[in-house]
Amino acid sequence: MAEDTGFRITYATMSSDNDALHEAYDRGIEEARGRLGLDHPFYVNGQERSGEGRVATTSPIDRDIVMGRFAQATAADVGDAVAAARAFAPTWAGTPWQERVQLLMRAADLISERRNVLSALMAFEVGKNRLEALGDVEESADLIRYYCHDMETNDGFVTPMTRLSPAEATSDVMRPHGVWGVISPFNFPMALAAGPTGAALVAGNTVVLKPATIGSLCGLEFWRTMIDAGVPAGAFHVVTGSGSVAGRELASLVDGVTFTGSYEVGMGIYRTFATDYPKPAICEMGGKNPVIVSRHADLDVAASGISRSAFGFGGQKCSAASRAYVEAPVYDELMERLIEKTSEVVVGNPLDRDVFLGPIIDEAAVTRYEEATAEAEKNGTVVEGGHRLTDGAMARGTFVAPTIVEAAADSWLWRRELFVPFVAIDRVASVAEGLVRANDTEYGLTAGFFSADDDEVARFLEGIDAGVVYVNRPSGATTGAWPAVQPFGGWKGSGTGGRGGGGPYYLTQYMREQSRTIIEN
Ligand code: UN1
């Protein structure tokens, strides 16, 4: 059992000096160390499979830490996993929904119980700080709980309908599609595997999960926790391997798919998924999330919200704040406070108690960061940061300084998703101009606004094209949605649904309606 440290962690948790929590986490780190550097098979029907070849990954904290060597699934392995899931699908769909809910609630509790070791493994694997890693694990459990709760409040989605005569009875029943594929990203390696998997399973689909290569260990640990909790091995399978082989094959075989990742890959899946007949493809893609700061804003709150959302997990959330438009009269003061907040960001080993910003994911991310900095130097000004950090042990990892830039209006820095701790700021003459520029993007995921003026707030809410919006939020201007609190999903190029995860319209995407009329004689 995880000790009850009496402290609830979400992404909105700003700090924790709770000793019991940290001591429990420290023990999680020690347990996690014992699980590093091992060989990992993947699992079809609970049976180990070795695929073809293994890929070793290292920790972004320190290239000398080998996370593990992960078996690479071939197209044939993925075919076997989908066939196994298909064979079990009628049994799982035929299991009373109350039993599915009971099993999944147990799985959610087991995830919470194991949160310290799971989040420490995650910190090693992707470089999340303590609160962000604990948040990711607890979000996984809460997403599953939310979908179970949704199933219960809707009575299993069985609805009695109107009778045209006493002899006629019609019920409306939401039923699963069959086999669901889940392709999850590195940045929320538990939550973005657990959320779609939990929804698909509680709805009665069987699932094949393909986690990102960096994130495979968390994916496998999530799978094991579900199986340990009693989810049948026929209902949930996991394959590790590349996106171009295993991911592509998975998307070609399943009845429904949930992909979270880049716009390019997501749109590719969305365009090609349905070949023979229409099938659901839920794609959650990128963001280029804007913040608007009005002259009526509390600037301290705004600076805090921007800093936390631009630099939290190194800007590697699709919800990260990457653009800020500030009304001219408060621009200088906002910039001053933002520089101050940024200089207070503690960068270093994310396993350490007081570190906020760990490494970014890999060398390719460092290259993107360096290209963005070069563009700001050429076409604007680097106000703060802009360099790789190599002091001491950081030399063995992929650490960079949190960065604030000013950039010319036509710079690509305003358009391209970077996924690094990097925010561009500009002056605007009015909130209306801020809105026009905020919406000038192919994306529409999250957005933030800071103002004490209610009319302005109403205009922002009406005018902004984004699925998740926050007003005057110091814990995150654009990040930190929590299940049952902020449904999370994007508009435009950010997502297919406009029906957020952890919200009331998500689960039914995993089901199809059957209207059943029976004439009694
Ligand atoms: C993602 O980064 O892919 O609101 C989505 C947040 C997180 C976002 C997760 N729940 O910041």
Side-chain angles (χ1 to χ4, degrees), residues 9-14 122 126-129 131-144 146 182-199 211-212 214-215 218-219 258-266 282-291 305-322 356 360-361 365 417-421 423 443-448 466-471 473-491 493-503 506:
I9 291 165
T10 72
Y11 300 125
T13 307
M14 301 270 283
M122 186 187 299
V126 304
K128 279 198 187 201
N129 76 25
L131 291 180
E132 298 265 12
L134 283 164
D136 193 323
V137 173
E138 289 290 21
E139 186 191 11
S140 308
D142 271 4
L143 282 166
I144 295 172
Y146 183 83
V182 176
I183 302 175
S184 60
F186 81 84
N187 67 338
F188 285 82
M190 283 279 296
L192 292 175
T197 298
I214 306 178
C218 286
T258 304
F259 166 84
T260 311
S262 72
Y263 174 81
E264 287 71 27
V265 177
I282 303 173
C283 296
E284 288 296 340
M285 302 173 282
K288 188 70 190 172
N289 308 299
V291 181
I306 294 170
S307 165
R308 282 182 55 93
S309 287
F311 308 135
F313 190 41
Q316 302 169 108
K317 307 181 190 186
C318 54
S319 54
S322 54
F356 179 74
I360 53 176
I361 198 69
E417 185 181 44
L418 296 171
F419 247 53
V420 294
V423 63
Y443 295 114
L445 190 50
T446 70
V468 190
V469 300
Y470 302 95
V471 176
R473 186 158 171 270
S475 64
T478 61
T479 52
W482 197 259
V485 182
Q486 289 99 359
F488 188 89
W491 292 9
S494 292
T496 46
R499 287 156 195 266
Y506 187 77

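Keep in mind that the numbers below use all heavy atoms, side chains included, and drop hydrogens, waters and symmetry copies. Note that ligands are numbered from 1 as they come in the structure, with each ligand's atoms numbered from 1 the same way. Keep in mind that this is a model prediction, so the values were computed, not measured.
Closest approach of Gly215 and Pro189 over heavy atoms only: CA-CB, 4.2 Å.
A donor-acceptor pair under 3.5 Å is formed between the side chain of Ser494 and the backbone N or O of Gly444. When atom types are taken as modelled, the side chain of Arg308 and the backbone of Gly480 share no donor-acceptor pair closer than 3.5 angstrom. Checked by atom type and distance alone, the side chain of Ser309 never pairs as donor or acceptor with a backbone atom of Ile306 at under 3.5 Å.
Atoms of ligand 1 found under 4.0 Å from any heavy atom of Gly480, numbered from 1 in the order shown, are 4 (O), 6 (C), 11 (O). Interface of Lys317 with ligand 1, defined as ligand atoms under 4.0 Å from a residue heavy atom, comprises 2 (O), 11 (O).
Contact annotation for Leu192 and ligand 1: only side-chain heavy atoms (C-beta onward) come within less than 4.0 Å of the ligand. When non-hydrogen atoms are compared, ligand 1 lies under 4.0 Å from neither the backbone nor the side chain of Val468. Neither the backbone nor the side chain of Trp482 has a heavy atom within less than 4.0 Å of ligand 1.
Not one N or O of Thr479 is nearer than 3.5 Å to an N or O of ligand 1, by distance alone. Residue Cys318 places at least one N or O, backbone or side chain, under 3.5 Å from an N or O of ligand 1. Ligand 1 has no nitrogen or oxygen under 3.5 angstrom from a nitrogen or oxygen of Tyr11.
The shortest side-chain heavy-atom distance between Pro196 and Tyr506 falls under the 4.5 Å cut-off. The side-chain heavy atoms of Glu417 and Met285, taken from C-beta on, include no pair separated by under 4.5 Å.
In this structure, the protein non-hydrogen atom closest to atom 7 (C) of ligand 1 is Phe188 CZ, 3.7 Å. Closest to atom 4 (O) of ligand 1 among all protein heavy atoms lies Ala481 N, 2.7 Å.
Partner Tyr11 forms a ring-ring contact (aromatic ring centres under 6.0 Å, His included) with one of Phe313, Phe488, Phe188 and no other, that one being Phe188.
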